[in-house]
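Report on one structure; see the data block that follows.
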Amino acid sequence: MIKVLVIIPYKELESDFKRIIDATAHEGVEFTLAHFYGTAPDGIEPVSAYDIVVARGMTYHAVKLRYPQQHVIEMSTSSKGLLTALENVRDKYGQEARVGCVVPDSTIADEGVIKSLTGIDIRIREAKDEKLMSRIADELISDGYDILIGGGYLRAYCELHGIRFSAIGLEDFAISRAVNSAVSAAEIMETERIRSNLYRTIIEEFPSCILAVDKNKVVLSSNAAADAFFQHSLAGTSVKELFPEGLLEETLNKGLELESVQRIMDQDVIVAQRPLSSAGGSAVISLQTVREAFTPLDRNITKPRHGFSAKYTFSCIFTEDLVMRTIIAKAVRYAQTDCNVLVTGETGTGKELFIQSIHNASSRRNKPFVAINCASISADLLESELFGYVEGAFTGAAKGGKQGLFELADKGTIFLDEIGELPVPLQAKLLRVLQEKEVRRVGGSNVIPTDVRVLCATNQDIPHLVEEGLFRSDLYYRINLLTIQIPPLRARKKDIPLLFKNFVKSLSSEMEIPVPTVGEDALKYLCTYNWPGNIRELKNVAQRILILNGSKHIDEGAVRLVDIPFPSAFKEHDSFSAPHKTLKAMNDEELYAEYIGSHMTLGEFAEHLGVSRTTLWRRFKSFSQ
């Protein structure tokens, strides 16, 4: 029920209001009539208990000022009401009367026009509060305007001081218009209330944490799940107290949608940031814990049947890089599907880590994880390894035949590493297996149904191999349904100190030696290297340092003992190009490829290269057309 308060300026108009309200269809709207005037705070205080207020004159302006969130409808003073009041003055006091008019809006009529129509000398003054209205009334009387016209407060003032007065009344059409406006506003308000209650119910019942943030990074509202996750009510809390990193700028300032994995409340969660408008300024943040993706649900996950298992989960991926966090969030989403995934990246970037994590976060986590490196087995043996063979299929075939890896991976996942090395003749057979979901053993005629999810990885440029005729395009599109491109370590320098310290800790445990401290000078020096072997090379360097360093502290000197080609003056822009290739030597195509592979904005890429944004825009202009 929507409650409407109608403030009547004159008591004698109450019957007119009741008549018009009764004649108006207003189902679901409750009208209350009240008679008071003026702007005194104690006089207008009751309006706060109503959804809609209908008022006139000073009272209307006072309610709007004191209760800015209140829906207030104005019964405006019309020029017709003014003319009616002047006719009453002329009839009662004659044509020679001098009239002072005091109203909240002096633009309701032109003094000259009114005088030419009525022949009455009139002065119109504006006042929106009692104090000003009283002063103006006294001034008008002093100037010889001995009859005043206006609203409820002016009438009371004139009665108190013995001043002649004529009221500016309200015609039926003005009352009817105000009442109908209130009913229309009530209908809209009820619809919005229903919608708001629906949204609130959905949000409260939604299992994920949801909170709205304003431009100042303060939580406007949150659902019960969010309050429970952070263990207190979030309304009014600064986001800086909730999140370890300030990742809201892109959403609040640019209106960009972002999704990343962050460590919050000792849990890894997917943080999705979405602007409430395209221009930004405010945002909605949802938090979804990925505990199932990061932690095996039971012990069988590492010991499925056949002994094939995946040991890594997303919690094994350490990063402080925003791009990597968004890639992890994407991979977690991919894990919830049953589609094929292709992971690309340079050697040593951690492709298998992502592959195993996807399997362990999927619904197939308790089923086999079977991996094979397509480049490590000869073409003749690879077919029988993948699809199996029947007895007598070839010389040396085992008695009774042998199951292939696709059969062993049934209900689980098969990981085809270095898929770019797969021989072309075998690609056609693999394509058929993916399309028909069945295998035929080498030398056999029977088909065997399989239910296998295929995850692939490569460090090669498969689109280029397709152009060269070395990889089937139809197979590429089959395995390329979902893709993840892992940036090289040189493109995420912030991760080098984090990864190095983790390697030092884990390797020290394996070697059963005390964990040495790592100096900032050593970390800074490590960041000057280009790391062509990526994370794998960094781990090897960490192990060599532990072996060669005899102290309990690793400093820059200990790093220099390791036999790796650290440059004497490393340039930042080299981190995005081939080794020893300068920016000037790169053509536009090579530079654009480096930009795409960096996963940075144009401004960030320009800053890293030490050039202006305009320079890059000019070189990339042809690629955006």
Side-chain angles (χ1 to χ4, degrees), residues 6-14 16-17 34-45 47 54-66 72 74-172 174-175 178:
V6 180
I7 302 175
I8 305 172
Y10 310 119
K11 185 68 174 175
E12 57 267 25
L13 292 176
E14 185 172 352
D16 292 334
F17 274 89
H35 168 57
F36 58 87
Y37 51 82
T39 64
D42 56 343
I44 63 174
E45 186 176 356
V47 305
V54 180
R56 188 180 86 149
M58 288 193 304
T59 306
Y60 165 78
H61 290 286
V63 173
K64 287 280 289 183
L65 182 63
R66 187 171 177 81
V72 188
E74 182 180 14
M75 293 183 290
S76 58
T77 301
S78 66
S79 56
K80 183 178 180 181
L82 175 62
L83 289 172
T84 300
L86 288 173
E87 287 178 2
N88 293 335
V89 169
R90 185 173 56 187
D91 293 344
K92 189 172 182 178
Y93 302 109
Q95 188 76 30
E96 305 305 322
R98 300 187 72 201
V99 178
C101 174
V102 189
V103 288
D105 183 6
S106 61
T107 63
I108 62 170
D110 182 85
E111 292 177 354
V113 173
I114 293 296
K115 187 172 183 179
S116 65
L117 290 174
T118 63
I120 296 176
D121 183 10
I122 184 172
R123 174 73 63 83
I124 301 175
R125 298 287 300 277
E126 181 177 299
K128 288 184 171 65
D129 60 68
E130 289 95 334
K131 186 177 181 180
L132 180 58
M133 183 167 284
S134 300
R135 182 170 62 80
I136 290 175
D138 292 340
E139 291 175 358
L140 289 171
I141 294 297
S142 298
D143 291 342
Y145 294 91
D146 55 351
I147 302 172
L148 301 182
I149 62 175
Y153 177 78
L154 186 61
R155 179 168 73 170
Y157 182 82
C158 290
E159 290 175 350
L160 180 64
H161 294 85
I163 302 171
R164 291 183 293 180
F165 175 81
S166 181
I168 299 177
L170 281 170
E171 296 78 13
D172 280 3
I175 298 174

Quick one: closest heavy-atom pair of [X] and [Y], and the distance?
X: Arg125; Y: Leu140; result: CG-CD2, 4.1 Å
X: Tyr145; Y: Gly100; result: CB-N, 3.9 Å
X: Ala167; Y: Ala85; result: O-CB, 3.5 Å

Would you mind reporting whether [Y] and [X] have side-chain heavy atoms less than 4.5 Å apart?
X: Ile114; Y: Ile120; result: no
X: Leu170; Y: Phe17; result: yes
X: Asp146; Y: Arg164; result: yes
X: Pro9; Y: Ile168; result: no
X: Lys115; Y: Asp121; result: yes

Take Arg98 and Ile147 through the side-chain contact (heavy atoms from CB on, under 4.5 Å) test and state the conclusion after the steps. CA-CA 6 Å; Arg98 300 187 72 201; Ile147 302 172; over 6 Å; no

Can you tell me how far [atom2] of [Y] sits from [atom1] of [X], rounded to the nearest 0.5 angstrom?
X: His61; Y: Asp105; atom1: NE2; atom2: CG; result: 6.5 Å
X: Leu13; Y: His35; atom1: CG; atom2: NE2; result: 9.5 Å
X: Arg135; Y: Met133; atom1: CZ; atom2: CE; result: 12.0 Å
X: Asn88; Y: Tyr93; atom1: CG; atom2: OH; result: 10.0 Å

Begin with the C-alpha distance, continue with both residues' side-chain angles, and end with the deciding distance and a verdict on side-chain contact (heavy atoms from CB on, under 4.5 Å) for Tyr157 and Ile163. CA-CA 8 Å; Tyr157 182 82; Ile163 302 171; 4.2 Å; yes

Worked verdict on Asp129 versus Tyr153 for side-chain hydrogen bond (donor to acceptor under 3.5 Å, both in side chains): CA-CA 9 Å; Asp129 60 68; Tyr153 177 78; over 6 Å; no

Answer yes or no: are there more than 12 heavy-atom neighbours, outside Glu96 itself, under 6.0 Å from its atom CD? no

Please answer whether the main-chain N or O of Gly119 pairs with a side-chain N or O of Gln95 as donor and acceptor at a distance below 3.5 Å.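 Checked: pair present.
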
Run the side-chain contact (heavy atoms from CB on, under 4.5 Å) check on Glu130 and Met58 step by step: do they pass? CA-CA 8 Å; Glu130 289 95 334; Met58 288 193 304; 4.2 Å; yes

Residues Ile141, Leu148; criterion side-chain contact (heavy atoms from CB on, under 4.5 Å); working and verdict: CA-CA 8 Å; Ile141 294 297; Leu148 301 182; 4.3 Å; yes

